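Positions are given from 1, in the same order as the sequence printed here. None of the values given here were measured: they were computed from a predicted structure.
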Amino acid sequence: MMTTVGFAQSNSFLFSMRSQSIEKTKAPRAKWVTSSSSSSHLRASSVSPSSTEAFHRVDYGQAIANDGMNEESSKKKKKRVFFLDVSPLCYEGNKPSSQAFGHWLSLFFSQVSLTDPVVAVLDGEEGNKLRRELLPSYKAQRKSPNPGKYSKRPHQFVEEVLRKCNVPVVRLQGHEADDVVATLMEQAVQRGYRAVIASPDKDFKQLISENVQIVIPLADLRRWSFYTLKHYHAQYNCDPQSDLSFRCIMGDKVDGVPGIQHVVPAFGRKTAMKLVRKHGSLESLLSAAAVRTVGRPYAQEALTKYADYLRRNYQVLALKRDVKVQIEEEWLVERDTSNDSEVLSSFFSTLHG
């Protein structure tokens, strides 16, 4: 399966939502690149481009500062590269929506990434096949986006918009976007970049570190919000590595992954968080429960009787970082924003035409 990634160039004016002005920076011209794979935002007011990392309100009701860095340290921070998880942006709630995609992309370009490099990743065909084999209910309720007024398949018009805005697009057959993002993110960090994953998907919390952040689209405020390691610690009082283990126990209703309470109703969130904080990981917890008592009788019985059930959840929810895809130097240059106005205006005109 050949996966094409690349850029398109033109001399149109910069597009900026809500009449915001952003200085245009011309990036080096990049050639089309082809790679192969074996398979596969406390304010409701507008944020100026010069303060895109200002205070934001997250969906947990907290007022937070984006990076938690003072002015001195911000001068030393690493260059950023954004990984845009495209598929979830093509929905409004559970309903496929081209309008939602256009809205979030416009705000992302004008208020978040500016001229920082952006790599867009889409789900590949049969990307969740292996996880579905482990758990048939995995993402079974998710509907595919439809092209609306477009005659092309959904991913084709999305890719076209992104490429015309000089964003490389990666879509690998047999792989979910989450795994591709996790793989590319690790490669970027190894090259000395600070990776920012743009997605509403809570699965990415397991990847948060000093060099990995998330920026989340908030539907209630209709803007993006940065979420960092500092914010994770403040919210959960544990390390992100524990996030995956906690979710394996509690399950993920959105993704169709049942939690332990489906078989042991008494096993609640407080019990799960307490045990995960104490033991650090799901495997350490299960190993301990196999040889000694780690909690109340109902919890002890659940962890021993349903150990395989929980390990299966781990296999489904853990993001892979070994996808056969390699980050390219051309993807890490400043993004040429000169096409944004023309491309996005045309996109919205087509939707409302």
Side-chain angles (χ1 to χ4, degrees), residues 1-3 35-40 83 85-91 94 96 120-146 153-155 158 169-187 197 199-207 241-264 267 272 276 281-287 289-290 302-326:
M1 171 67 181
M2 300 299 292
T3 300
S35 65
S36 64
S37 170
S38 61
S39 58
S40 48
F83 294 97
D85 181 20
V86 178
S87 298
L89 304 181
C90 298
Y91 292 82
N94 293 323
V121 184
L122 285 81
D123 289 323
E125 295 288 345
E126 298 188 334
N128 57 21
K129 181 179 180 179
L130 294 178
R131 288 183 171 97
R132 282 276 186 88
E133 290 176 352
L134 287 169
L135 183 63
S137 62
Y138 178 70
K139 293 186 178 180
Q141 302 300 320
R142 184 169 294 184
K143 300 178 180 179
S144 299
N146 62 75
R153 299 181 66 182
H155 68 84
V158 167
V169 177
V170 182
R171 183 173 182 269
L172 302 180
Q173 180 177 342
H175 289 290
E176 290 189 76
D178 298 15
D179 298 321
V180 178
V181 169
T183 299
L184 294 176
M185 171 277 300
E186 188 161 271
Q187 293 176 16
I197 302 171
S199 175
D201 194 338
K202 56 185 172 293
D203 291 354
F204 289 118
K205 286 186 178 181
Q206 63 186 267
L207 302 179
Q241 290 83 354
S242 300
D243 183 79
L244 174 58
S245 297
F246 177 73
R247 289 178 56 236
C248 289
I249 298 173
M250 297 311 299
D252 188 323
K253 185 177 180 179
V254 174
D255 284 351
V257 180
I260 195 70
Q261 60 277 62
H262 283 260
V263 288
V264 185
F267 205 126
V276 168
S281 71
L282 177 65
E283 192 55 45
S284 293
L285 173 59
L286 294 177
S287 296
L303 293 172
T304 53
K305 184 176 181 179
Y306 297 103
D308 290 342
Y309 176 101
L310 296 173
R311 289 191 174 101
R312 179 210 59 188
N313 282 2
Y314 188 94
Q315 287 184 274
V316 172
L317 293 173
L319 299 184
K320 297 174 176 56
R321 307 191 194 192
D322 58 353
V323 176
K324 292 184 179 180
V325 60
Q326 190 66 38

* Measuring from L286:CG to R311:CZ, what's the distance to the nearest 0.5 Å? -> 5.0 Å

* Nearest atoms (heavy-atom pairs only) where L285 meets I249 -> CD2-CD1, 4.0 Å

* Donor-acceptor contact below 3.5 Å, side chain N313 vs main chain C248 -> yes

* Structure fact -> For H262 and Y309 the tightest heavy-atom approach is CB-OH, 3.9 Å

* **Heavy-atom check, side chain of V325 versus side chain of L184, under 4.5 Å** => yes

* To do: Write out all pairs satisfying side chain to side chain donor-acceptor pair (under 3.5 Å) with one or both partners inside residues 241-251, taking only residues at least two apart or from two chains.
  => D203-R247, Y232-D243, R247-D252

* Check: S199 side chain, D85 main-chain N or O, donor-acceptor pair, under 3.5 Å -> no

* Structure fact -> Here the pair of heavy atoms bringing F267 nearest to A302 is CD1-CB, 3.8 Å

* Shortest non-hydrogen contact between A120 and V86, atoms and distance -> CB-CG2, 3.8 Å

* Asked: Can R131 and D178 be counted as an ion pair, charged N to O under 4.0 angstrom?
  -> no

* Are E176 and K320 close enough for a salt bridge, meaning some N to O gap below 4.0 Å? -> no

* To do: Name all residues meeting the side-chain hydrogen bond (donor to acceptor under 3.5 Å, both in side chains) criterion together with R312; count only those two or more places apart in sequence or in a different chain, and write none if there are none.
  => none

* Can you name the nearest heavy-atom pair linking V257 to V316, along with the distance? -> CG2-CG1, 3.9 Å

* To do: Say whether, by atom type as modelled, one donor and one acceptor occur between the side chain of R171 and the main chain of V121 under 3.5 angstrom.
  => no

* State whether the side chain of R321 and the backbone N or O of A182 hold a donor-acceptor pair below 3.5 Å, judged by distance alone. => no

* **Distance, nearest 0.5 Å, that separates NZ of K202 from CG of L317** => 9.5 Å

* **Minimum side-chain heavy-atom gap V180-F83 below 4.5 Å** => no

* With sequence neighbours excluded, what pairs up with N128 under the side-chain hydrogen bond (donor to acceptor under 3.5 Å, both in side chains) test? -> none

* Reported OG-to-CG distance for the pair S284 and L282, which is rounded to 0.5 angstrom -> 9.0 Å

* Structure fact -> Correct closest heavy-atom pair for A289 and T304 would be O-CG2, 3.4 Å

* Answer yes or no: is there a side-chain heavy-atom contact under 4.5 Å between S137 and P258? => yes

* To do: Please round to the nearest 0.5 Å and tell me the distance separating atom CG of L310 and atom CD of Q315.
  => 12.0 Å

* Structure fact -> Output for pair (I197 CD1, M185 CE), nearest 0.5 Å, gives 5.0 Å

* Structure fact -> d(D322 CG, D179 CG) to nearest 0.5 Å is 8.0 Å

